[in-house]
Amino acid sequence: MLSSEQLPFDLVAGLLHWVIVCGAVLAVVVITTTAVSLVTLGLSGPAFVVQQVIAGVKDFLQTSPRRVGALTVLAIREAVRKKTLYVFYVFIALFLFAGWFLDSSTVDPELRIREHVSFVMRTLSWVILPVSLLLACWSLPDDIKARSLHTVVTKPVRRNEVVFGRILGIGAVASLILFVMGVIGYVWIYRQLPPSAREMLTARVPIWVAPDPPEARSQVPAVQGGDPSVVQSEVWSKLNFRFLNREGNSVAFGVNTGDEWMFRSYIEGNSQAKAIYRFQRLAGKISSTAQELELESTFQVFRVHKGNIDRGILCQLTLVNPATNVKVSISPPFEVREFRSNRTKIPRKLEDDDGKEVDLITDLIHNGELEVHVQCLTPGQFLGMARPDLFIRTPDRPFLISYAKGVIGIWLMMCMLIVMGVMASCFAKGPVATLFTAAMWVFGRVAQNWMGELTGQIELAPGTVWKGGGPFESVWRIVTHMNPNIELEDSVAKTVVQGIDAPIIKLIGGIQHIIPDFRIFNLAEYVANGFDVPFDVALLRGMAVMVGFAVPCIIIGYFSLKLRELEAK
Amino acid sequence: MNKFSSQQRKLIYLGGIVLLFIPIVALGLPKSEEQKGGKLARLRTEHYLDETTLGDVPPEGATMNLVLLGMRGVATNVLWLELIHQQKTKNWAEVKATTESIIKLQPHFLKVWQHQGWNLAYNVSAEWDLVADRYYWVKEGIKFYQRGISQNFMYPELDWYLGDTYAKKIGRADERLQFRRFFKDDPNKADFPSGIDPAVNPQGLDNYQVAKERYQKSIDIERRFGHQQHIMAAALYQSYPARADFDYAAALQKGVGPSRMDSGLRQEGIRDPRRMDHAGASDGQAPGPSRREPANPCRQPRQGGEAAGRDRTPRDPVDPSLPGHV
């Protein structure tokens with residue numbers, strides 16, 4: 001069961017966003033450095049800045065892989081000399097006693113797998129990330145303090161090569177540690193789980209419903225209960241995931257049953273309410289010779305009344321050809337097993353609702369599109385679903401593959417920390433660089449969501465955004481005992497408070513772009529829930545963010561080291 | 001100014017250290033099975049301040065507390081925040097793991113045991129739709145209470161709450177007919193082929209009988225160790241074993257006793273679930289679906305067989321061998 005929307009990463013849009021953010025940061029840097037140079041060097045200052053930039057470009061273009069290699073070897077030797085590899089003892093000690101920390105009374109194999117996989121992924125992160133951070137932040141300052149860097153820079157070595165060498169050397173040592181720990185972790189999971197749970201270790205490869213086109217989503221009523229009649233029918237047909245209400249009218253969301261977590265919305269049983277999933281681009285993903293199709297769902301149940309508690313709530317799946325409207329109701333309906341996977345195998349040859357024989361691939365899938373309508377059959381009860389709760393399950397991959405991808409996520413996070421740590425150590429001493437990098441890491445993990453909600457980029461729930469304004473408006477509301485849901489009355493105070501808050505929120509929006517979102521590297525949710533880590537949704541995003549931040553970090557590190565007075569320890 | 005040489009000074013320091021060391025050893029000598037230990041250790045034992053006199057000391061919890069170097073409070077707060085988020089997002093495996101971490105950090109904080117036992121037995125259980133799944137989480141809550149008691153055997157409250165869970169969650173919940181049946185015939189046949197989960201119902205009794213035992217033990221512990229309970233007025237508190245008897249009698253009379261479960265089901269208008277496969281759709285459900293066994297969270301055999309479950313049975317809090325037993 002996944003707890004987030006599975007939205008593929010748009011590389012082009014991401015690149016464009018990166019160019020805009022880098023351009024804005026560059027503009028600020030150019031203006032600041034020019035102003036500082038004018039103050040410190042007079043009119044010759046800007047010329048000095050241009051000269052340094054040109055020299056920098058030359059240095060990067062003339063980077064020698066051989067020298068970088070030599071410096072990498074030097075960094076590796078240093079890291080080993082600092083007894084970095086002792087971290088293995090910590091890791092092995094953790095795993096020796098891990099059984100103590102994990103409650104062996106958990107009988108349910110699915111829960112047990114989640115517990116063990118989450119534990120291993122978390123331990124890998126907790127062991128490798130602090131080590132990488134400390135190595136990256138203390139390597140250069142220690143060399144500067146011991147004056148060993150002075151020997152290096154007297155050789156024909158460029159400063160960017162020093163930065164590259166540190167990053168690659170520390171990265172190589174940390175990667176080796178992570179690889180060995182990853183192998184031990186895999187063996188430990190396998191050995192620790194009972195045979196019944198081992199059989200359930202897998203990497204499901206789902207085909208999820210694609211995200212809705214933004215232009216279509218923007219035209220539907222955002223808030224639950226909004227007037228659906230104002231939306232044109234062709235707009236509804238563009239949505240890949242939508243609902244019908246109890247009267248059979250299209251709506252953006254189902255019923256809110258009062259769950260604090262509004263990730264899912266619900267459809268009413270024994271009514272015309274439906275959830276409609278439209279799968280696209282199935283042509284290349286499902287073989288034309290496939291003899292069956294497997295649907296898997298993780299719907300949730302909301303009982304309005306007790307009903308017959310010995311039976312689950314009945315769910316009906318109907319396959320619909322979106323072009324010809326041929327419908328096949330999958331018989332029999334199934335009882336929903338909440339918080340577990342409900343698998344439905346659909347044979348190739350089917351009988352449609354009019355009694356005619358139809359072929360699953362040729363008659364129901366049109367131009368790679370297939371609609372699945374979900375209905376709750378039990379009167380008075382509700383079924384809840386979100387976009388990732390229904391998917392087409394293609395042949396599974398070995399668990400090792402998703403586990404390896406999960407470890408790659410940790411590796412990307414580790415690389416990110418090393419790059420940031422080396423950059424910080426180019427302009428600050430060890431303790432300051434450590435604090436800076438650790439703060440970025442913590443902030444990037446815990447504050448990204450909050451900043452996104454405050455700036456309105458993340459919805460608290462479908463159609464619900466942050467209320468209560470920025471810091472000053474919040475203080476105002478606290479003092480006047482005013483609920484965030486109450487609109488402030490028009491007054492001078494409101495204008496002043498919101499006028500002060502607006503640039504602060506903009507500033508937070510800006511900060512959000514220059515602090516990496518470390519949460520995206522955490523892929524444990526996929527691995528622990530038995531899913532293959534999707535490349536386009538998770539891995540590509542992680543790689544793009546890592547590279548996107550590494551480039552400016554290396555440039556900043558280079559200029560910081562170049563303009564730094566090495567004698568100033 | 002200083003008459004002593006460097007070497008002499010060092011020797012004097014060494015002598016001072018050795019001198020100070022003697023009272024420290026005399027006062028702080030740890031106790032062992034053979035020896036009562038130093039003065040401080042004896043005082044701790046005498047006044048029940050020693051970890052071991054409070055109950056079993058989980059080695060992992062003690063290790064964690066040492067490793068955290070006084071940051072236990074911060075770590076616990078972070079874990080509680082995580083737990084709330086995990087519960088909100090219905091991530092039950094993580095909820096259980098985080099609960100374990102919290103109690104390892106605060107093994108003698110009774111409110112934590114009380115809250116989390118209730119949380120598992122009532123809140124988490126109610127989130128699951130199938131009755132067998134709900135019963136699984138009720139048992140998790142019971143087992144959690146039992147572990148809390150084994151680590152805090154001198155305090156009466158946890159025993160009372162455990163008895164209350166046996167009596168009210170199993171005996172009075174909406175699912176009482178099924179729960180009471182499962183209590184003697186566990187749905188997890190793979191792990192408990194005899195139908196009894198030994199960690200929850202070792203003697204195969206009725207839930208009200210077990211509840212009465214726990215209520216009575218709670219009262220005995222209060223008398224024995226002098227730690228007053230803070231749940232309710234003493235007279236009411238002491239009436240609970242008798243109340244459990246009343247409830248048991250009432251359940252038998254209403255026909256929901258284990259021996260008359262089937263008639264009880266009929267009396268409450270519910271068909272025998274074992275014959276549901278052949279029944280028509282009750283509840284207005286569409287006819288014809290193939291009946292499946294209710295999903296069972298415990299179908300898979302447990303590693304190491306039932307021994308693990310038995311091993312987790314808590315130490316009897318009124319075991320005469322325990323320290324402080326009068």
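What you see is a predicted model, and the numbers here were worked out from it, not measured in a lab. Every heavy atom of this structure was used, including side-chain atoms; hydrogens, water molecules and symmetry mates were not. Chain naming here is simple, since letters A, B, ... match the order of the sequence lines and numbering starts at 1 in each.
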Is A/Q316 in contact with chain B via its backbone, its side chain, both, or neither, using a 4.5 Å heavy-atom distance? neither

Which bit of A/N529 comes within less than 4.5 Å of chain B, counting heavy atoms only: side chain, backbone, both or neither? neither

B/N201: what forms a side-chain contact (heavy atoms from CB on, under 4.5 Å) with it, not counting sequence neighbours? B/F183, B/K184, B/I196, B/L205, B/V210

Among B/T99, B/V131, B/D129, which has the most heavy-atom pairs under 4.5 Å with chain A? B/D129

As a test of understanding, state which of B/W118, B/W113, B/W137, B/Y122 forms a ring pair (Phe, Tyr, Trp, His ring centres under 6.0 Å) with B/F144. B/W113

Flag if over 12 foreign heavy atoms under 6.0 Å of CD, A/E260: no

A/K274: salt bridge (charged side-chain N to carboxylate O under 4.0 Å, His left out) partners, not counting sequence neighbours: none

Where does B/E94 contact chain A at under 4.5 Å (heavy atoms): side chain, backbone, both or neither? side chain

